[in-house]
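Scope of the values below: all heavy atoms of this structure, side chains included, with no hydrogens, waters or symmetry mates.
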Amino acid sequence: GMIFKSPKPIFNLFCLLVIIYLILLSATYLMLKNDKDMLNLSKKSKIVALFMNPIFLISYVWCALMALFKKNLGWEKINHTKNSIKGYNV
């Protein structure tokens, strides 16, 4: 069998992630362009959204895949020690 001794598989993975990022960036751009009248965002906010939304979407896909394939599901009880949150009584 062929054993990879070069970083080519890592490079291929990096290229795949860049391609996915660019596709999601394009989709975000089209969404921002088509919905510009409905979105009450400043130009700076649109630029931030343009570059951050693809990262959010990639992380969402990763989390969804982990939720589908991870078998260690369980409920952990969280013991609360305080009855208030920043001045609000709960």
Side-chain angles (χ1 to χ4, degrees):
M2 182 179 205
I3 298 174
F4 293 105
K5 293 186 179 182
S6 69
K8 188 168 181 160
I10 295 171
F11 179 74
N12 289 342
L13 179 63
F14 177 75
C15 289
L16 178 65
L17 288 174
V18 168
I19 290 169
I20 292 171
Y21 179 84
L22 292 174
I23 291 169
L24 293 173
L25 184 90
S26 300
T28 302
Y29 173 77
L30 291 174
M31 183 269 308
L32 288 172
K33 185 177 178 188
N34 289 336
D35 296 338
K36 65 182 172 187
D37 296 331
M38 292 186 284
L39 298 172
N40 188 17
L41 297 173
S42 67
K43 192 170 198 168
K44 180 181 175 185
S45 295
K46 287 180 183 177
I47 291 171
V48 169
L50 179 65
F51 291 103
M52 294 304 290
N53 190 48
I55 295 170
F56 167 75
L57 292 174
I58 289 171
S59 68
Y60 177 79
V61 169
W62 175 254
C63 291
L65 289 174
M66 291 302 291
L68 284 174
F69 296 112
K70 187 172 180 179
K71 299 295 180 191
N72 186 12
L73 300 176
W75 184 269
E76 292 182 23
K77 184 176 180 179
I78 300 173
N79 292 321
H80 299 281
T81 58
K82 292 186 179 182
N83 289 332
S84 66
I85 301 172
K86 293 185 182 180
Y88 295 101
N89 290 330
V90 180

Could you list the donor-acceptor pairs under 3.5 angstrom formed between side-chain atoms of residues 18-27 and any protein atom two or more places apart in sequence or on another chain?
residue: Tyr21; atom: OH; partner: Phe51; partner atom: O; Å: 2.9
residue: Ser26; atom: OG; partner: Leu22; partner atom: O; Å: 2.9

Same cluster (ILVMFWY, side-chain, under 4.5 Å), Leu17 and Leu57: no
Residues clustering with Phe69 (ILVMFWY side chains joined when closer than 4.5 Å, directly or via others): Val61, Leu65, Leu68
Minimal non-hydrogen separation, Ala49 against Pro54, with atom names: O-CD, 4.2 Å
Without placing hydrogens or testing angles, list every side-chain donor-acceptor pair under 3.5 Å for residues 31-47, not counting sequence neighbours.
residue: Asn34; atom: ND2; partner: Leu30; partner atom: O; Å: 3.3
residue: Ser42; atom: OG; partner: Ser45; partner atom: N; Å: 3.2
residue: Ser42; atom: OG; partner: Ser45; partner atom: OG; Å: 3.1

Contact list for residues 49-59, test side-chain hydrogen bond (donor to acceptor under 3.5 Å, both in side chains), sequence neighbours left out: Thr28-Asn53
